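Here the structure comes first, spelled out in structure tokens, and everything after it is commentary.
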Amino acid sequence: MVNQNNFMNWDNPGVALITGASSGIGAEFARQLASQGFDLILIARRKEKLEELSKKLNKKYSITANVLVADLSKLSENEKIVAKIIELNNLDILVNNAGFGIFNSFLQIERRQYVDMINLHFTCPVTFCHAAIPGMIKRKRGVIINTSSMSAITRDNSLIMYTTTKSAISIFSELLNKQFKGKGIYIQALHPGFTYSEFHDTATMKSFHRDWFPDERWMDAEKVVSLSLATVKTNKVIFIPGEINQALAKQDRIKKEKKYLNYDIF
């Protein structure tokens with residue numbers, strides 16, 4: 001059953017394109033947007049996972065969920081996504097969510113992996129935003145959600161390049177919002193904290209252990225996404241879901257402000 005009310009209160013909901021849609025936060029965006037009547041384009045590397053999700057959502061919500069298999073860390077594969085975005089005349093929502101972590105010291109990580117991460121976390125979202133925004137301006141409506149991370153707030157140096165690329169997409173989102181203010185486009189940089197997903201189960205995160213952090217620090221993807229969508233219309237670009245994450249961000253900001261007060265900047 002489709003919920004006729006969508007989070008933007010738009011008539012005739014169009015298409016939502018979601019990267020990293022095979023699991024976790026991306027898959028949850030797909031489920032919640034499908035339930036609100038949006039057709040979907042689901043993008044990730046794992047074809048079987050995408051097709052399984054697509055079939056379930058098509059059947060449950062009577063929407064159309066199409067699959068595009070791509071490794072977005074490779075720039076050559078981005079072009080087919082750009083072509084699809086330009087082809088669409090009803091792209092309402094772009095969710096740049098694909099990502100991965102590498103838990104290791106800076107010099108223990110191959111340069112190739114860093115290049116892949118930069119492409120996936122930053123180059124890819126910039127490219128897709130550039131392709132999507134002209135159509136959104138023309139129709140005077142659109143939502144762009146760029147998944148960043150709490151590490152961009154706390155400047156976590158145990159994930160040095162992850163933190164750097166997520167910080168970059170946060171800054172990009174803020175500046176993009178300023179440039180296109182008043183055009184009917186809502187832009188959010190979503191900063192989830194620890195979220196139950198397959199993110200921490202990959203080979204590049206194998207030395208990370210969930211039990212290092214108490215249960216209250218962890219959120220379900222369903223809650224992260226529902227809070228994200230509920231906050232889009234507030235025009236709050238930097239959004240941190242969860243009271244604990246918000247409190248940690250506030251504490252971190254206070255520490256930084258105190259530190260800056262001790263700087264001799266003149």
Side-chain angles (χ1 to χ4, degrees), residues 7-8 16-20 25-26 29 72 78 82 85 91-99 101 117-137 139-157 159-193 195 219 224-260 263 265:
F7 73 108
M8 294 300 292
L17 186 148
I18 304 165
T19 72
I25 290 173
F29 268 115
L72 300 180
N78 287 357
V82 169
I85 290 172
L91 180 63
D92 277 338
I93 303 168
L94 170 63
V95 181
N96 288 307
N97 174 75
M117 182 172 281
I118 293 166
N119 287 340
L120 187 61
H121 291 177
F122 190 67
T123 308
C124 173
V126 169
T127 302
F128 294 171
C129 286
H130 190 271
I133 287 174
M136 291 178 173
I137 291 175
R139 296 193 324 278
K140 297 181 180 178
R141 80 182 204 184
V143 170
I144 297 172
I145 298 175
N146 294 321
T147 301
S148 181
S149 170
M150 271 294 289
S151 69
I153 305 293
T154 61
R155 299 295 194 267
D156 184 357
N157 66 3
L159 297 165
I160 185 168
M161 190 53 66
Y162 182 85
T163 297
T164 301
T165 53
K166 290 301 187 179
S167 298
I169 200 62
S170 299
I171 295 168
F172 172 71
S173 300
E174 288 185 295
L175 298 179
L176 204 63
N177 182 68
K178 290 179 180 179
Q179 186 163 117
F180 294 104
K181 194 170 185 178
K183 302 291 186 181
I185 303 173
Y186 294 80
I187 298 171
Q188 180 187 95
L190 172 62
H191 292 67
T195 305
M219 293 181 68
V224 170
V225 171
S226 63
L227 290 171
S228 168
L229 295 178
T231 309
V232 166
K233 287 190 75 174
T234 67
N235 272 320
K236 190 173 186 178
V237 180
I238 302 298
F239 176 61
I240 301 169
E243 292 180 1
I244 290 179
N245 291 329
Q246 291 168 4
L248 289 170
K250 184 177 181 180
Q251 291 171 14
D252 190 72
R253 187 180 72 243
I254 291 170
K255 288 179 183 177
K256 286 186 173 73
E257 288 173 352
K258 288 181 178 179
K259 184 177 179 182
Y260 294 150
Y263 284 176
I265 60 175

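For the numbers below, each heavy atom of this structure counts, side chains included, while hydrogens, waters and symmetry mates do not. The shown structure was predicted, so the numbers you read here are calculated from the model rather than taken from an experiment.
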(message) Determine whether Asn119 and Leu72 satisfy the following criterion, side-chain contact (heavy atoms from CB on, under 4.5 Å), listing intermediate values before the conclusion.
(response) CA-CA 7 Å; Asn119 287 340; Leu72 300 180; over 6 Å; no
(request) Test Val143 against Leu229 for side-chain contact (heavy atoms from CB on, under 4.5 Å), laying out the working first. (result) CA-CA 10 Å; Val143 170; Leu229 295 178; over 6 Å; no
(request) Kindly determine whether Met219 and Asn245 satisfy side-chain contact (heavy atoms from CB on, under 4.5 Å), including the steps that lead there. (result) CA-CA 10 Å; Met219 293 181 68; Asn245 291 329; 3.7 Å; yes
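The two residues Ser151 and Thr163 have their closest heavy-atom pair at O-CG2, 3.2 Å. Nearest approach of Phe172 to Cys129, heavy atoms of both residues: CE2-SG, 4.0 Å. Contact record, Gly142 with Met136: CA-SD, 3.8 Å, taken as the closest heavy-atom pair. Of all the heavy atoms in Ser173 and Ile187, the pair that sits closest is O-CG2, 3.8 Å. Contact between Tyr162 and Ser148 at its shortest, heavy atoms only, is OH-O, 4.4 Å. Between His191 and Ser149, the closest heavy-atom pair is CD2-O, 3.2 Å.
With values rounded to the nearest 0.5 angstrom, Lys178 atom NZ is found 9.0 Å from Lys181 atom NZ. Note that CG of Asn177 and CG of Asn235 are 6.5 Å apart. Values are rounded to the nearest 0.5 Å. Taking CZ from Phe128 and CG from Leu91, the interatomic distance works out to 11.5 Å, rounded to the nearest 0.5 Å. Here the CD1-OG1 distance, from Ile169 to Thr123, works out to 9.0 Å after rounding to the nearest 0.5 Å. Taking NZ of Lys250 as the start and CD1 of Ile240 as the end, the distance is 12.0 Å to the nearest 0.5 Å. Taken from CG in Leu120 to CG in Asn96, the straight-line distance is 9.5 Å, to the nearest 0.5 Å.
Partner of Pro125 under the side chain to side chain contact (heavy atoms under 4.5 Å, CB included) criterion, out of Asn146, Thr147, Ile145, Thr165: Asn146 alone. Of the candidates Phe29, Phe7, Tyr186, Ile93 forms a side chain to side chain contact (heavy atoms under 4.5 Å, CB included) with just one, namely Phe7. If you run side chain to side chain contact (heavy atoms under 4.5 Å, CB included) between Ile185 and each of Leu94, Ile137, Leu176, only Ile137 comes through.
Between Val95 and Ile25, the closest side-chain pair of non-hydrogen atoms is not below 4.5 Å. Residues Arg139 and Asp92 are in side-chain contact: their nearest non-hydrogen atoms beyond the backbone lie under 4.5 Å apart.
Counted within 6.0 Å of NZ on Lys236, heavy atoms from surrounding residues, nucleotides or ligands total 12 or fewer; the atom is thus considered open.
A donor-acceptor pair under 3.5 Å links the side-chain atoms of Thr19 to the main chain of Ala98, judged by distance alone. Counting only distance, with no hydrogens or angles, the side chain of Gln188 and the backbone of Ser228 share a donor-acceptor pair below 3.5 Å. A side-chain donor-acceptor contact under 3.5 Å links Asn97 to the backbone of Gly20.
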